[in-house]
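Structure first, then comments.
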Protein chains: 2
Amino acid sequence: MPSVAEYRDRVQRVQAAMATRSLAALVVADPANIYYLVGYDAWSFYTPQCLIVPAVGDPHFFARTMDAAGARFGADLGPERVHGYPEELVHRPDRHPYQWICQRAKEIGLLPDDGQIAVEADAHFFSVRGYLALAELCGADRLIDSAELINWVRVIKSDYEQDQLRRAGRICSVAMATALDVIEPGVRQCDAVAAISSAQIAGVDDQGGDYPAIVPLLPTGAGAGVPHLTWTGDRFVGGEVTTIELTGVSRRYHAPLARTVMLGRPPRRLSLVAGVVGDGMAAVLELIKPGVTADEVHAAFDAVLARHQLIKESRLGYSIGIGYPPDWGERTISLRTGDQTQLRSKMAFHVIAGMWADGWGYELSESILVTDAGAERLTDVDQVLRVKGR
Amino acid sequence: MPSVAEYRDRVQRVQAAMATRSLAALVVADPANIYYLVGYDAWSFYTPQCLIVPAVGDPHFFARTMDAAGARFGADLGPERVHGYPEELVHRPDRHPYQWICQRAKEIGLLPDDGQIAVEADAHFFSVRGYLALAELCGADRLIDSAELINWVRVIKSDYEQDQLRRAGRICSVAMATALDVIEPGVRQCDAVAAISSAQIAGVDDQGGDYPAIVPLLPTGAGAGVPHLTWTGDRFVGGEVTTIELTGVSRRYHAPLARTVMLGRPPRRLSLVAGVVGDGMAAVLELIKPGVTADEVHAAFDAVLARHQLIKESRLGYSIGIGYPPDWGERTISLRTGDQTQLRSKMAFHVIAGMWADGWGYELSESILVTDAGAERLTDVDQVLRVKGR
């Protein structure tokens with residue numbers, strides 16, 4: 001667990017960013033941001049909960065009563081800063097927990113009568129109904145979009161976080177080795193995922209695994225042209241290609257990885273694409289270092305593809321770190337055309353080259369940490385199209 | 001998979017409910033509701049996607065381009081009813097996919113210039129930013145809260161759905177047996193969950209398992225007083241109690257179950273509570289039949305507890321069916337004081353009696369289907385405090 005000093009430092013950096021925008025308060029609903037600032041970690045985000053960060057002073061946490069009790073486990077929150085709303089407010093048509101939260105926050109001075117209050121307007125677990133309750137009690141004109149303020153503070157990883165990412169990477173390498181081993185003609189897709197999930201969660205000897213923000217994805221056959229399909233009870237079939245995207249997780253830090261396996265002789269075009277994508281990935285990993293822009297990273301990949309008349313329409317990757325379902329991305333930097341963010345030391349990315357066509361797909365990715373010496377790979381799995389039983 | 005006729009019937013029942021409220025359109029963002037109406041199922045809900053149901057006519061689906069391609073797999077959606085927004089709109093600070101979606105929906109007449117448009121204001125994956133984009137383009141005063149319109153249509157299960165719930169129940173029984181077997185002093189929590197997850201996903205011989213909307217929860221020791229904590233790499237300790245809540249899943253249908261295991265001799269008070277809760281559960285299962293209200297179910301449980309000077313503050317259960325992370329509840333009927341909904345045949349519930357105190361917890365639950373003959377249990381696991389190595 002990070003030191004108390006590290007949590008305090010994180011809150012101060014968030015408050016410094018709030019000060020540059022003259023924010024009176026920030027309502028934090030993204031569980032990854034709550035975990036980042038105070039260490040609260042439980043599967044409680046399906047009912048309304050938030051951290052309110054004032055311009056000055058300590059953040060307070062608001063959750064359902066039965067979950068407020070969990071805030072003392074591993075969270076940097078004294079009991080005077082934890083507020084549980086009544087159970088009767090859960091899933092009611094006539095009242096909303098945010099009415100209670102807003103009232104209580106005003107009483108204790110966390111939501112002052114003046115100044116702008118930022119909300120996480122694109123967070124998955126801040127519902128429109130919660131927003132409207134807050135707008136009614138605080139005034140809609142006072143609510144503004146946080147624009148991922150905390151997510152942007154998170155892009156630079158502390159030593160503790162780098163260590164967690166490396167642990168996640170070790171778990172990921174084992175999980176991917178399991179996947180590449182278990183996928184065979186005749187095996188049910190669900191049985192393959194059972195083995196992969198077991199490896200993800202068991203983790204390694206000195207680091208247990210945590211739950212992934214995204215389940216293992218392994219679209220196969222005709223479905224391999226579609227990246228986010230989940231498994232079925234059908235069996236893998238010889239002659240078909242399967243793209244695998246999975247992650248290792250250590251204390252909510254994610255190091256995802258994608259590989260592709262071909263059961264049988266690969267079609268010529270698939271082998272060609274695999275070779276080109278491998279060259280592109282090599283060019284990208286060679287280029288990445290502090291000072292390079294996200295746009296330049298994408299351009300380096302595109303340049304390799306262009307030599308073979310291939311194009312990639314979707315982004316080449318994104319910033320990673322803490323993740324909760326349904327996403328392990330930080331929703332900040334995207335490795336794509338037009339994103340002029342400069343990479344800096346201690347950032348982390350999932351560089352993912354997915355090429356999808358009708359009827360097949362090829363995926364190759366690396367999770368990396370940006371260091372002064374360049375890209376440090378967090379996992380250790382061969383960057384090839386795995387061919388089995390050709 | 002349900003028949004095309006069943007999908008059409010579901011859409012018609014939703015449109016009938018829309019008609020009683022004179023809605024011009026319904027914007028559906030909850031992945032469970034999308035799956036219910038057209039069968040679309042992929043891990044794509046972390047970027048904006050929705051189904052728009054007009055007052056009359058077929059619903060259309062809107063998603064990121066790479067995911068729109070997945071709509072042809074198992075979904076009751078012709079290609080002319082699937083619209084993919086450009087990849088460049090993903091996670092951008094300056095533009096939002098809902099601007100594109102709204103524009104396109106207006107062009108094809110799905111969002112008429114008059115009448116009220118309902119949105120799923122408490123759905124997890126309809127963000128405030130999406131709502132504000134829609135409000136700007138359609139007029140905030142035209143947007144109203146759907147009040148879980150589709151969720152309420154879902155409470156009565158078709159024959160197909162009842163079959164899926166029974167399959168989920170069989171998977172759940174195996175997963176719970178695995179949990180009760182694997183939890184032993186000295187075993188790492190993560191290794192126990194690895195075995196449980198494997199059982200959940202492998203499923204049974206004739207039905208592969210699907211991913212759970214909530215990961216296995218097994219708070220232990222001091223943490224057993226807190227229901228939603230997830231596991232760590234620590235080892236189970238003799239003399240401690242662990243509450244287990246997990247589910248079986250068949251094609252997104254959930255049958256959850258909770259049990260409690262004591263490693264060693266149980267404290268006298270825990271045994272007492274286990275006995276009382278068992279009696280309460282028996283009273284509830286005896287009572288449940290069509291015509292009984294949710295309030296009466298809770299009262300029957302309370303009456304048993306009251307005889308032993310115990311009280312239960314949180315609700316005793318909720319409607320279940322299709323679930324996506326982070327919740328397997330339908331957010332409709334709650335088995336609690338004041339909910340006057342009458343139970344009807346073909347409804348399904350997770351009846352969960354969780355009693356939490358400082359330092360320990362006891363959980364016992366059943367997933368049941370309401371039939372004309374009463375409550376049909378979906379799982380088959382003894383309703384006792386499991387004591388190991390006393």
Side-chain angles (χ1 to χ4, degrees), chain A residues 41-46 66-67 69-70 73 87 90-91 93 119 121-129 131-132 145 147 188-191 193-195 197-198 201-203 207-211 214-215 217 223 225-230 232-233 313-315 318 325-327 329 331 334 336 356, chain B residues 41-46 66-67 69-70 73 87 90-91 93 119 121-129 131-132 145 147 188-191 193-195 197-198 201-203 207-211 214-215 217 223 225-233 313-315 318 325-327 329 331 334 356:
Chain A
D41 179 32
W43 194 284
S44 55
F45 40 90
Y46 67 93
M66 71 160 72
D67 294 318
F73 288 86
E87 285 297 320
V90 174
H91 294 166
V119 297
D122 222 27
H124 290 115
F125 305 112
F126 182 56
S127 77
V128 171
R129 208 177 282 166
Y131 169 80
L132 293 175
D145 194 324
R188 292 193 307 172
Q189 295 174 24
C190 58
D191 291 324
V193 178
S197 292
S198 180
I201 295 171
Q207 181 64 55
D210 204 346
Y211 60 86
I214 304 178
V215 293
L217 298 172
V226 184
H228 297 123
L229 289 184
T230 52
T232 69
E313 290 187 359
S314 53
R315 60 187 176 168
Y318 43 81
D327 195 7
R331 296 189 284 119
S334 287
R336 66 177 158 201
W356 296 286
Chain B
D41 179 31
W43 194 284
S44 56
F45 41 90
Y46 67 92
M66 69 162 69
D67 294 317
F73 287 86
E87 285 299 319
V90 174
H91 295 165
V119 298
D122 221 28
H124 291 114
F125 305 112
F126 182 56
S127 78
V128 172
R129 208 176 283 166
Y131 169 79
L132 294 174
D145 194 324
R188 292 193 307 174
Q189 295 174 26
C190 58
D191 290 325
V193 178
S197 293
S198 179
I201 295 170
Q207 181 63 57
D210 204 346
Y211 59 87
I214 304 179
V215 292
L217 298 171
V226 184
H228 297 124
L229 290 184
T230 52
W231 65 88
T232 70
E313 290 187 0
S314 53
R315 60 186 176 169
Y318 43 82
D327 194 8
R331 297 188 283 118
S334 286
W356 297 284

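Quick note on labels: first sequence line is chain A, next is B, and so on, each numbered from 1.
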Report task. Name the option with the most non-hydrogen atom pairs under 4.5 Å to chain A; the candidates are Val215(B), Thr232(B), Thr230(B). Result -> Val215(B)
Query - Portion of Arg331(A) that has a non-hydrogen atom of chain B nearer than 4.5 angstrom - result: both
Query raised in the report: If every non-hydrogen atom of His228(B) is compared with every non-hydrogen atom of Tyr46(A), which pair is closest and at what distance?
Result: NE2-OH, 2.9 Å
**Report entry** Contacting moiety of Val90(B), where chain A heavy atoms sit under 4.5 Å
**Finding:** both
Report summary line: When rounded to the nearest 0.5 Å, the distance separating CZ of Phe126(B) from CZ of Phe126(A) is 13.0 Å
Report task. Please state whether the side chain, the backbone, both or neither of Arg188(B) comes within less than 4.5 Å of a heavy atom of chain A. Result -> side chain
Report task. Write down the atom of Ser127(B), the atom of Asp122(A), and the distance for their closest heavy-atom approach. Result -> OG-OD1, 2.7 Å
Requested in this report: Considering non-hydrogen atoms only, spot the tightest contact between Phe125(B) and His124(A) and give its length.
Outcome: CD2-CD2, 3.6 Å
**Report entry** Contact class of Asp145(B) relative to chain A, heavy atoms under 4.5 angstrom
**Finding:** side chain
Report summary line: Assert top hit (heavy-atom pairs under 4.5 Å, partner chain B, pool Ala42(A), Gly203(A), Ser198(A), Pro325(A)) equals Ser198(A)
Query raised in the report: Would you say the side-chain atoms of Trp43(B) pair up with the backbone N or O of Pro326(A), donor to acceptor, closer than 3.5 Å?
Result: yes
Query raised in the report: For chain A, which of Ala123(B), Gly208(B), Ala121(B) has the most heavy-atom pairs under 4.5 Å?
Result: Ala121(B)
Requested in this report: Output the option from Asp210(A), Asp41(A), Val119(A), Leu217(A) having the highest count of non-hydrogen pairs under 4.5 Å with chain B.
Outcome: Asp210(A)
Report summary line: Heavy atoms of Glu87(B) and Ser314(A) approach each other most closely as OE1-CB, 3.6 Å
Report summary line: Tightest non-hydrogen contact, residues Gly209(A) and Cys190(B), listed as O-CB, 4.0 Å
Query raised in the report: Considering only heavy atoms, which portion of Ile214(B) lies under 4.5 Å from any heavy atom of chain A: side chain, backbone, both, or neither?
Result: both
Report summary line: Taking every heavy atom of Gly70(B) against every heavy atom of Leu229(A), the minimum-distance pair comes out as O-CD2, 4.4 Å
**Report entry** Gln189(B) portion near chain A, given a 4.5 angstrom heavy-atom threshold
**Finding:** neither
Report task. Give, for atom OG of Ser334(B) and atom NE2 of His91(A), the distance between the pair rounded to the nearest 0.5 Å. Result -> 7.5 Å
**Report entry** chain B interface, residue from Ala69(A), Gly233(A), Ala202(A), Pro227(A) that has the most non-hydrogen pairs under 4.5 Å
**Finding:** Ala202(A)
